[in-house]
Asker: 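I have a structure I would like to understand better, so I am pasting it below and will then ask my questions one at a time.
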2 protein chains.
Amino acid sequence: MTRSNPRVLSTLERAGGFASAQEVYRLMQREGESIGLTTVYRSLQSLVDDKIVDVLRRDDGEAVYRLCGEAHHHHLVCKSCGDTVEIEGGAIEKWAKKIADEHGFREVGHTAEIFGICKKC
Amino acid sequence: MTRSNPRVLSTLERAGGFASAQEVYRLMQREGESIGLTTVYRSLQSLVDDKIVDVLRRDDGEAVYRLCGEAHHHHLVCKSCGDTVEIEGGAIEKWAKKIADEHGFREVGHTAEIFGICKKC
DNA sequence: GTGGAAATGAAAATCATTTTCATTTGTGGT
DNA sequence: ACCACAAATGAAAATGATTTTCATTTCCAC
């Protein structure tokens with residue numbers, strides 16, 4: 001993936017760093033960019049693989065992609081408006097490590113996400 | 001919703017309190033219950049509306065339904081062989097609640113999973 | 001029983017996402 | 001420049017969960 005990747009990334013940035021694949025595609029169409037929906041999906045997926053963007057789920061199950069810094073963090077997501085707060089996970093890191101050690105697991109990683117309804121909703 | 005509702009609920013219980021609509025449907029089929037997929041969806045939705053079950057999303061976007069009040073647990077999964085250990089998440093519960101409180105979130109839930117390579121692999 | 005509202009379910013529609021596959025593009029070797 | 005081959009692209013079809021439509025069935029209240 002080389003040609004499309006940067007265009008998709010830049011569109012995602014322009015969208016406020018938070019959009020679904022369909023939205024990125026429609027936005028690029030509107031701006032006269034020539035790209036296929038399939039390629040948008042593939043580019044986003046490769047950006048996820050490269051850990052340049054993050055993916056999470058809206059309430060209706062649609063995947064939304066989000067620019068993401070390199071620092072490992074977790075998310076507090078509003079189920080209603082999709083608003084996202086990056087949070088620190090010091091406690092989690094320790095917990096994950098401890099549990100994994102207890103069970104003899106190596107090369108340990110983890111995922112954690114908190115969701116609820118935010119103040120505004 | 002009256003006739004199907006209890007049957008769907010009881011099936012969800014039997015499934016361990018955690019399953020997708022399709023899984024509930026297939027389970028009922030296998031057990032010889034006569035019910036339509038549409039009705040399973042409608043029953044689950046009404047159980048969600050009544051706050052008897054909770055809905056959240058798998059990584060692939062499929063909705064999974066969970067009995068409310070079920071003590072939920074987390075998983076330690078081996079990336080290599082898929083072996084899974086159920087673990088307790090006391091620390092996580094507290095962490096999630098604390099963070100959510102700090103940001104004024106209501107109706108809070110969370111997901112967490114630890115993965116790595118197990119002893120055998 | 002009778003009539004009408006609510007519940008049911010089969011089939012079709014919807015919608016995001018993935019797959020297939022033929023075409024285009026980029027690259028390295030000559 | 002030319003050729004060959006691999007990677008990238010995108011249109012169209014396939015997939016799979018979920019929702020909608022609509023005709024039929026069930027359940028009450030009278």
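Below, chains carry the letters A, B, ... as their sequence lines are ordered, and counting in each starts from 1.
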Asker: In this structure, how many angstroms lie between the C1' atom of C:dT18 and the CG atom of A:Leu44, rounded?
Answerer: 14 Å
Asker: When you measure from the side-chain N and O atoms of A:Tyr41 to the phosphate of C:dT17, is any distance below 4.0 Å, counting only OP1 and OP2?
Answerer: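 Answer yes for this pair, as a side-chain N or O of A:Tyr41 is under 4.0 Å from OP1 or OP2.
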Asker: Go through D:dG10, C:dA11, D:dT18 for me and flag the one nearest to the B:Gln22 side chain.
Answerer: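 Of D:dG10, C:dA11, D:dT18, D:dT18 is nearest to the side chain of B:Gln22.
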Asker: So, does B:Thr39 get its side chain near the phosphate of C:dG9, meaning an N or O under 4.0 Å from OP1 or OP2?
Answerer: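 For C:dG9, OP1 or OP2 has a side-chain N or O of B:Thr39 closer than 4.0 Å.
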Asker: Quick check for you: among C:dT8, C:dA11, C:dT17, whose closest atom lies nearest to any side-chain atom of B:Ser4?
Answerer: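 Nearest listed nucleotide: C:dT8.
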Asker: Quick one: is C:dG26 close enough that its OP1 or OP2 comes under 4.0 Å of any side-chain N or O from A:Arg3?
Answerer: yes
Asker: Starting from P on D:dA17, measure out to OH on B:Tyr65 and report it in whole angstrom.
Answerer: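 Going from OH in B:Tyr65 over to P in D:dA17 covers 12 Å.
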Asker: Is there a chain of hydrophobic side chains (I, L, V, M, F, W, Y, each step under 4.5 Å between heavy atoms) that links B:Leu9 to B:Phe18?
Answerer: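 No, no single cluster joins them.
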Asker: Could you tell me how far apart B:Glu23 (CD) and D:dG16 (C1') are, to the nearest whole angstrom?
Answerer: 13 Å
Asker: Taking OH from B:Tyr25 and C1' from D:dT19, how many angstroms apart are they, rounded to a whole number?
Answerer: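 So the OH-C1' distance, B:Tyr25 to D:dT19, works out to 16 Å.
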Asker: Give the rounded distance in Å between these two atoms: CZ of A:Arg57 and C1' of C:dC15.
Answerer: 13 Å
Asker: Assess whether atom CG of B:Asp59 is packed by more than 12 heavy atoms of other residues, nucleotides or ligands within 6.0 Å.
Answerer: no
Asker: Show your reasoning for whether side-chain hydrogen bond (donor to acceptor under 3.5 Å, both in side chains) applies to A:Thr11 and A:Arg7.
Answerer: CA-CA 6 Å; A:Thr11 304; A:Arg7 294 194 292 151; over 6 Å; no
Asker: In whole angstroms, how far is the P atom of D:dG16 from the CG atom of B:Asp60?
Answerer: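 Distance, rounded to whole Å: 12 Å.
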Asker: Does B:Arg58 come within less than 4.0 Å of B:Glu23, counting only side-chain N to carboxylate O?
Answerer: yes
Asker: Output the rounded distance in Å from CD1 (A:Ile35) to P (D:dT9).
Answerer: 7 Å
Asker: Round to a whole Å and report the spacing from CZ of B:Arg42 to P of D:dT21.
Answerer: 12 Å
